[in-house]
Amino acid sequence: MEHINEEQVKRRRNLRLLTNRVAQFIFMLSTLFGVIVLGILIYRVVSQGIGWIDINFLTGKLSTEPERAGILGAILGTFWLMVVVVPITMILGVGTALFLEIYIKKGRLQSFLQTNIANLAGVPSIVYGVLGMTIFVRALDLGNIVLAGGLTMSLLILPIVIVASQEAIRSVPQHLSEASYGIGATKWQTIRHIIIPAALPGILTGAILSFSRAIGETAPLVVIGIPALLIPLPGSIFDKFTVLPMQIYYWTLDASLVEEYANLAAATIIVLLLVLFLLNLAAIIIRHKFKKIY
Amino acid sequence: MKKNNHPTKTNPLNVKELIEKGKKTRKVSQKLEKIIPFILLSITAVSVLTTLGIILTLLTETIHFFNIIPIWDFLTGTVLKPLNKVPEYGVLPLISGTVISSVIAMIVAAPIGLMTAIYLSEYASEKVSLVVKPILEVLAGIPSIVYGFFAFTFVTPLLREFIPGLEAANILSPGIVMGIMIIPMIASLSEDAMSSVPDIMREGALALGSTKLEVTKRVVIPAALSGIIASFVLGISRALGETMIVTIASGSTKNFSFDVTQSMQTMTAYIVEVTSGDAASGSTIYYSLYAVAMILFIFTLLMNVIARYVSRKFREEY
């Protein structure tokens with residue numbers, strides 16, 4: 001063993017081990033970076049806005065005076081927006097997923113439709129806004145009402161709902177539907193009584209997550225032209241409206257004029273994040289509670 | 001059926017009637033069976049119509065715009081002053097703003113996202129992953145408007161402590177925050193790619209005496225490279241299309257420069273500015289927003305196609 005310099009081998013090995021340690025530490029710091037930023041973000045928003053949240057803020061109308069301003073209009077607007085978005089995306093999303101997974105044969109058409117949906121999922125939300133403004137607001141002359149905003153949002157989140165539903169449908173074990181066909185059920189009967197019930201938790205989880213995307217999305221609504229003015233509370237899907245993120249947007253923009261607006265924006269962010277948190281919690285509960293093991 | 005046969009029923013059905021009834025329901029369900037595929041087909045058509053709608057609206061209005069402003073002037077013009085008496089429409093300031101903000105975002109997101117992915121896939125214990133992954137999911141689920149608020153009220157003031165020349169509206173701060181927003185996406189996509197590298201390959205390298213870092217560098221990353229690159233490309237696509245952060249924190253100065261301490265407008269922010277300023281339908285400035293949206297659409301579509309191509313074409317199958 002004279003030809004091997006033991007000292008050198010040892011030194012090299014120690015160096016390699018040390019590099020590994022240092023690298024591991026850096027990787028850990030990077031991972032922590034995201035966690036820390038999230039912590040700072042939430043701390044900043046909560047410390048700035050929590051003092052402004054009270055019953056008057058939640059049930060008050062918009063006002064130019066920061067002390068009297070409330071977000072009931074925005075909460076109702078978000079609610080009505082969802083009244084449009086939820087049924088449309090559920091029907092279109094699940095319908096498309098069923099067609100792609102069960103009815104269509106593998107081939108050119110199927111891969112075209114699938115590619116199309118993948119591409120739609122990558123289109124920036126603002127482009128959907130431009131589409132909505134052109135088609136729903138101007139061409140169909142709906143104006144900037146809940147329905148126009150809801151239709152635009154539906155198109156925006158549709159690809160996500162479709163993909164999630166497809167995955168849920170695909171994960172229903174084959175032998176269930178085969179058993180159903182075996183006792184003489186038709187395709188639609190199998191879908192209605194076997195596949196949809198079994199895939200429902202997965203479909204709902206994906207759908208709820210995409211609804212929370214729609215609730216937080218701002219850009220398409222800015223393009224559609226949701227006014228910053230004080231408007232009456234929306235009472236149906238044909239009324240003009242504003243939503244929570246729009247309110248945050250306008251208050252943040254105007255924070256350079258009136259400082260308190262930044263606090264109002266922070267308070268609204270707390271409400272928005274709370275809504276999103278509850279939705280995500282619901283999705284997690286559904287996923288765990290109704291998860292069937294076949 | 002059973003109920004109808006029950007003897008206590010006042011009007012019991014006989015077998016013949018039952019057969020008739022069965023035939024009827026079968027007819028109905030057979031009809032249903034034929035109709036359903038068409039209903040589902042027309043539902044599926046909505047997503048195709050959406051694509052057509054996007055392309056057609058953008059295309060027709062963009063062509064209108066190029067009838068007023070020559071396409072070459074638009075694509076090579078370095079001055080964008082749509083509100084001047086003699087308006088000038090050059091798109092390069094918007095493109096430079098978009099590219100610069102995306103580059104800043106990727107400088108933040110690519111290394112941190114990749115290192116996070118490495119940590120989660122190669123180093124972290126199961127327990128740590130179970131805690132960190134949901135946190136990253138929360139980070140990914142925060143609406144961009146909240147990040148915009150964060151950039152404007154926290155990151156910009158913080159950066160001004162260190163960079164004295166930084167303007168209140170600048171491209172640096174939204175770029176960084178955009179990067180933070182994209183980290184979870186790159187981390188989770190890259191991590192998926194790395195975890196799908198079979199353990200046998202890692203163990204082989206470890207058995208030869210490699211450290212974990214060497215395994216990661218020489219085995220895992222090369223094997224997962226297509227997925228990692230695809231995640232970067234998707235990250236770029238996301239940054240190009242991001243709207244609210246830049247709209248809030250970068251102002252609306254249409255600068256054609258590369259000074260990141262200044263305010264710059266991106267394509268997305270321009271679309272927001274034009275639509276919020278209720279531009280009359282039919283005016284040149286109104287058409288210009290479609291031309292900008294068209295470029296944005298092409299950019300992001302290209303990125304998505306590239307990402308899919310890379311992840312499919314160069315995937316290593318084991």
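Note on naming: letters A, B, ... go to the chains in the order of the sequence lines (proteins, then strands), and numbering restarts at 1 for each one.
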Measure Met133(A) against the heavy atoms of chain B and call it side chain, backbone, both or neither at under 4.5 Å. side chain
Counting distance only, does the side-chain N/O of Arg44(A) pair as donor-acceptor with the main-chain N or O of Thr153(B) below 3.5 Å? yes
Report yes if some heavy atom in the side chain of Leu213(B) is under 4.5 Å from a heavy atom in the side chain of Phe27(A); otherwise report no. yes
Min side-chain heavy-atom separation Asn20(A)-Tyr123(B) under 4.5 Å: yes
Between Val48(B), Leu32(B), Leu240(B), Leu234(B), which shows the greatest number of heavy-atom pairs under 4.5 Å with chain A? Val48(B)
Pro143(B) side chain reached by Leu273(A) side chain, heavy atoms, under 4.5 Å: yes
Please evaluate residues Thr134(A) and Tyr290(B) with respect to the criterion side chain to side chain donor-acceptor pair (under 3.5 Å), reporting the C-alpha separation (whole Å), side-chain torsions for both, the decisive distance (0.1 Å), and the verdict. CA-CA 10 Å; Thr134(A) 316; Tyr290(B) 288 94; 2.6 Å; yes
What option among Leu155(A), Leu120(A), Val127(A) has the most heavy-atom pairs under 4.5 Å with chain B? Leu120(A)
Chain A contacts, top residue of Thr243(B), Ile145(B), Ile180(B) (heavy-atom pairs, under 4.5 Å): Ile145(B)
Hey, are the side chains of Val46(B) and Thr96(A) touching, using non-hydrogen atoms and a 4.5 Å cut-off? no
Determine whether a donor-acceptor pair (N or O, by modelled atom type, separation under 3.5 Å) exists between the side chain of Asn304(B) and the backbone of Ala118(A). no
Got Thr268(A) and Phe149(B) here, is their nearest side-chain heavy-atom distance under 4.5 Å? no
Going by side-chain contact (heavy atoms from CB on, under 4.5 Å), name the residues that satisfy it together with Ile55(B), two or more places apart in sequence or in a different chain. Thr51(B), Phe297(B)
